[in-house]
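None of these values were measured; they are calculated from a predicted model. All ligand and atom numbering here is 1-based and tracks the order in the structure.
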Amino acid sequence: MAQAPESLELLNNNATDKSLNRDCTTLSRHVLQQLQSFSPQAQDLSALMNRIALAGKLIARRLSRAGLMEGVLGFTGDVNVQGESVQKMDVYANDVFISVFEQSGLVCRLASEEMDEPYYIPENCPIGRYTLLYDPIDGSSNTDTNLSLGSIFSIRQQEGADLTGEAADLLSAGRQQIAAGYILYGPSTMLVYTIGKGVHSFTLDPSLGEFILTEENIRIPNHGSVYSVNEGNFWQWDESIREYIRYVHRTEGYTARYSGAMVSDIHRILVQGGVFLYPGTLPKPEGKLRLLYESAPLAFVIEQAGGRATTGHMDILDVVPKQLHQRVPLIIGSPKDVAKVESFIQNGH
Ligand code: AHG
Ligand code: MN
Ligand code: MN
């Protein structure tokens with residue numbers, strides 16, 4: 001048998017397996033450690049995060065085999081409440097979250113991008129005082145080409161009994177979130193979460209079926225070179241955003257990155273710094289992204305990592321929606337880069 005080149009041997013020998021480390025931390029252990037308690041609320045949060053992790057594993061497993069199975073990829077032919085074409089994976093992932101939470105006993109309501117109205121699990125409602133808000137597949141247009149995708153989640157405590165089934169208590173600011181994060185389906189599957197005590201990332205070890213702690217207390221750089229925006233919308237933006245983009249074009253040190261899935265774009269920015277923008281356009285002044293299950297959870301994560309998220313005029317986490325599926329302009333990332341965009345919006349330079 002041919003000998004492996006020396007450099008490859010070195011690489012293999014130097015690679016250590018974090019999952020084999022006696023001190024490796026699984027997600028559920030981490031949540032309990034964070035809360036430093038075995039109180040009922042800590043147990044609930046740990047169980048909720050475990051269920052989200054299970055949903056992530058099921059979706060990751062399906063995605064990893066999508067090209068080998070019939071009927072997984074492509075469109076269903078339906079259009080969702082957002083007016084967007086629904087992919088088969090959107091439906092599958094939406095149903096995965098419902099079924100894992102049906103068994104949890106903890107969640108009374110789920111609200112998602114793919115459902116017009118909240119979904120109630122009546123048998124959980126007398127005891128399950130939590131609501132899960134989620135985007136089952138973020139970046140759906142990447143699905144059929146085997147590119148990065150995400151899921152976004154947000155957990156809120158239910159306020160009041162919601163006897164009328166209107167879920168009016170969900171129309172409150174993002175500061176009410178008790179946990180939020182995302183799952184990134186990339187070359188590996190990662191889960192990033194916050195319960196208001198910093199931001200932590202985990203990588204799925206598929207052979208163990210466990211999310212293992214990768215990095216604790218992630219801090220976003222104060223500034224980064226990346227700006228992430230769909231420049232195809234240039235002529236539909238307000239002049240202030242166009243001026244900002246002209247500024248990055250003529251200034252050394254900026255580089256563009258845009259994948260079509262904000263979970264991957266914002267994950268890159270969390271780790272390496274920079275700014276992601278989805279501003280309003282002339283036909284859609286509120287932009288495209290939905291507040292409750294896209295912008296607010298990601299804003300919670302980025303703020304907890306020391307970054308910022310704004311509409312250009314107010315913090316995303318202070319926006320009170322009028323409707324479940326309300327959209328909001330989003331500028332999110334490193335503090336210095338967000339402030340720069342803000343200054344163009346507010347002062348024109
Ligand atoms: P979704 O797939 O949940 O509808 O979200 C896609 C979002 C976001 O992830 C991405 O950054 C953006 O829409 C892409 O939109 P454009 O194609 O308009 O750039
Ligand atoms: Mn999305
Ligand atoms: Mn989606």
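In this structure, a donor-acceptor pair under 3.5 Å is present between the side chains of H325 and Y293.
Taking the Mn ion (ligand 2) as the apex, the angle formed with OD1 of D138 and OD2 of D135 is 100°, to the nearest 10 degrees.
Residues in residues 51-75 take part in these side-chain hydrogen bond (donor to acceptor under 3.5 Å, both in side chains) pairs, two or more places apart or across chains: R51-Q103.
At least one N/O/S atom of I137, from backbone or side chain, sits under 2.8 Å from the Mn ion (ligand 3).
Taking the N/O/S atoms of E294 in turn, the shortest distance to the Mn ion (ligand 2) belongs to OE2.
Protein residues with any heavy atom under 4.0 Å from ligand 1: E84, E113, D135, I137, D138, G139, S140, N230, Y258, G260, A261, M262, F276, Y278, K288, L289, R290, E294.
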For residues 269-284, which side-chain donor-acceptor pairs fall under 3.5 Å, sequence neighbours excluded?
unit_1	atom_1	unit_2	atom_2	d
Y278	OH	N233	ND2	3.4
T281	OG1	K284	N	3.2
T281	OG1	K284	O	3.4

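Partners of R242 under the salt bridge (Lys or Arg N to Asp or Glu O under 4.0 Å) rule, at least two apart in sequence or in another chain, are E239.
Contact check on D315 versus R308 returns a salt bridge, with a Lys/Arg side-chain nitrogen under 4.0 Å from an Asp/Glu carboxylate oxygen. A salt bridge between D135 and R290 is absent, with no side-chain N of the basic residue lying under 4.0 Å from a carboxylate O of the acidic one. Ion pair E303/R175 flagged as a salt bridge, since at least one NZ, NE, NH1 or NH2 atom sits closer than 4.0 Å to an Asp/Glu carboxylate oxygen.
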